[in-house]
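For ligands, and for the atoms within them, numbers begin at 1 and follow the listed sequence. Quick caveat: nothing in here was measured; it's all calculated off a predicted structure.
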Amino acid sequence: MGFLDKLKSGLKKTRAVLTTDVDDLLFGAKDLDKKLFDELEELLIMADMGPQFAHDMINDVQDRLKRKELQNAAQIKKILRERMIAILQQIDKPLHIPKGQPFVIMAVGVNGSGKTTTIGKLAYSLRNDGHEVILVAADTFRAAAIEQLEIWGSRVNVPVIKQKMNADPAAVVFDAVGKIKSGYSGVVIVDTAGRLHTRVNLMEELKKVKRVMSKEMAGAPHETLLVLDATTGQNAVIQAKMFQEEIGATGIVLTKLDGTAKGGVIVRIASELRLPVRYIGVGEGLDDLRAFNSNDFVSALLD
Ligand SMILES: Nc1nc2c(ncn2[C@@H]2O[C@H](COP(=O)(O)OP(=O)(O)O)[C@@H](O)[C@H]2O)c(=O)[nH]1
Ligand SMILES: [Mg+2]
């Protein structure tokens, strides 16, 4: 299977709305009337593109209709594509990781969003690109979290720096950065905790981890990756704003796009957060993390 076909199959639930349902509506439509526009707006909202995008899209279509620029429903699909591309291009800034110098990535996000899995997949893909990789277990809250990272470490054959459960995450990171200073020049990916019911504590803990990193090593973390679960739709946007304000993310990973029809949430993330989406998760396997590319993404959803 080619790359685009794999992406299509990963995005199939959102695709079912944006291609199957939208095409049925548009190509079956006899009249360009209010009923058609209402149904289209509903489909866009179902895909979680957000009321704003849906509203703007419908307005645009109606304006063009008034100006007699629109002859048939099929042209509406082209407008949808153009509007999606225009928004998603703004957040299409792949993460460039240099070789031969340390590069620290800190992954943050709520429990269950897919941090540890993403780290495993990312480590695998970076190793395939010839990077050296070390993982750091700074989610010390549960023993299972450390074990999970170790399982990924052995699966993709990269070392994991860890301490005991309940160790101070900042101390784990301090130890890790110490190792980096003594001559390591690869990628370091730090896994962190995400328990949200102690929100203030969590944010303080993450800030401390970040502070320790940057104090011990200028420029670190080089990337603070916010991991968001696409299946949570609008909630992902709310969480993202919170992490953004408190921790200051520099990039996003949108996970579980394979499990949701709400993949359009990426449009909301783009317009409301304006943070680059670096990677997307389209499954639980090693190969299921993709660098985000706006053109491929829109093609996989609409073609
Ligand atoms: N289908 C699917 N499942 C995912 C994806 N990313 C993570 N998961 C699953 O989501 C669950 C939580 O992931 P985990 O990495 O433990 O989240 P964490 O608590 O943020 O570290 C696990 O069962 C993962 O296998 C993805 O892209 N697609
Ligand atoms: Mg985890």
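Interface atoms of ligand 1 facing Asn111, defined by a heavy-atom separation under 4.0 Å, are 19 (O). Counting the atoms of ligand 1 from 1 in the order shown, those under 4.0 Å from a heavy atom of Val110 are 20 (O). Each of the following atoms of ligand 1 lies closer than 4.0 Å to a heavy atom of Val282: 27 (O). Heavy-atom proximity to Gln148, at under 4.0 Å, picks out these atoms of ligand 1: 14 (P), 15 (O), 16 (O). Applying the 4.0 Å criterion to heavy atoms of Gly281 picks out, from ligand 1, the atoms 27 (O). Counting the atoms of ligand 1 from 1 in the order shown, those under 4.0 Å from a heavy atom of Thr117 are 7 (C), 13 (O), 14 (P), 15 (O), 24 (C), 25 (O).
Protein heavy atom closest to atom 5 (C) of ligand 1, with residue, atom name and distance, is Lys256 CG, 3.6 Å. Nearest to atom 23 (O) of ligand 1 among the protein's heavy atoms is Glu284 OE2, 3.5 Å. In terms of protein heavy-atom proximity, atom 26 (C) of ligand 1 is closest to Gly283 O, 3.2 Å.
Among the backbone and side-chain atoms of Thr117, none of the N, O or S atoms lies under 2.8 Å from the Mg ion (ligand 2).
In Lys121, the part holding a heavy atom less than 4.0 Å from any atom of ligand 1 is the side chain. At a 4.0 Å heavy-atom cut-off, ligand 1 does not touch Leu257 at all. Contacts of Thr116 with ligand 1, taken as heavy-atom pairs under 4.0 Å, involve both backbone and side chain. Neither the backbone nor the side chain of Asp191 comes within 4.0 Å of ligand 1, counting heavy atoms alone.
Around atom NZ of Lys207, more than 12 heavy atoms belonging to other residues, nucleotides or ligands sit under 6.0 Å away. Enclosure of atom NZ in Lys93 by more than 12 non-hydrogen atoms of other residues, nucleotides or ligands within 6.0 angstrom is indicated. Few gaps surround CD on Gln90; more than 12 heavy atoms of other groups in view lie less than 6.0 Å from it.
In terms of N/O distances under 3.5 Å, ligand 1 is approached by Gly114. Ligand 1 has a nitrogen or oxygen under 3.5 angstrom from a nitrogen or oxygen of Asp258. On a distance-only criterion, Thr118 and ligand 1 share no N/O pair closer than 3.5 Å.
Between Val267 and Val265 the shortest side-chain heavy-atom distance does not fall below 4.5 Å. Contact of the Leu202 side chain with the Val110 side chain is not registered, since no non-hydrogen atoms from C-beta on lie closer than 4.5 Å.
Under 4.0 Å is where a charged nitrogen must lie from a carboxylate oxygen, and between Glu272 and Lys241 at least one such pair does. Taking 4.0 Å as the cut-off between side-chain N and carboxylate O, Glu284 and Lys256 do not count as a salt-bridged pair. Salt-bridge annotation for Arg83 and Asp60: present, with a side-chain N of the basic residue lying under 4.0 Å from a carboxylate O of the acidic one. Glu205 and Lys208 are not joined by a salt bridge, as no carboxylate oxygen comes within less than 4.0 angstrom of a charged side-chain nitrogen.
At least one heavy atom of Ser113 sits less than 4.0 Å from an atom of ligand 1. The shell of residues lying under 4.0 angstrom from ligand 1, judged by heavy atoms, excludes Gly109. The closest approach between any non-hydrogen atom of Asp288 and ligand 1 is not below 4.0 Å.
Remark: the backbone N or O of Asp139 is not paired with any side-chain donor or acceptor of Arg142 at under 3.5 angstrom. Within the 3.5 Å criterion, the main-chain N or O of Ala167 finds a donor-acceptor partner in the side chain of Thr140.
A donor-acceptor contact under 3.5 angstrom links the side chains of Ser294 and Asp92, judged on distance only.
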Could you go through Tyr184 and Lys179, starting from their C-alpha distance and side-chain angles, then the distance that decides it, and tell me whether this counts as side-chain contact (heavy atoms from CB on, under 4.5 Å)? CA-CA 7 Å; Tyr184 177 75; Lys179 290 207 167 78; over 6 Å; no
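Summarising the contacts of atom 19 (O) of ligand 1 with Gly259, Gly112, Gly194, the nearest heavy atom is found in Gly112.
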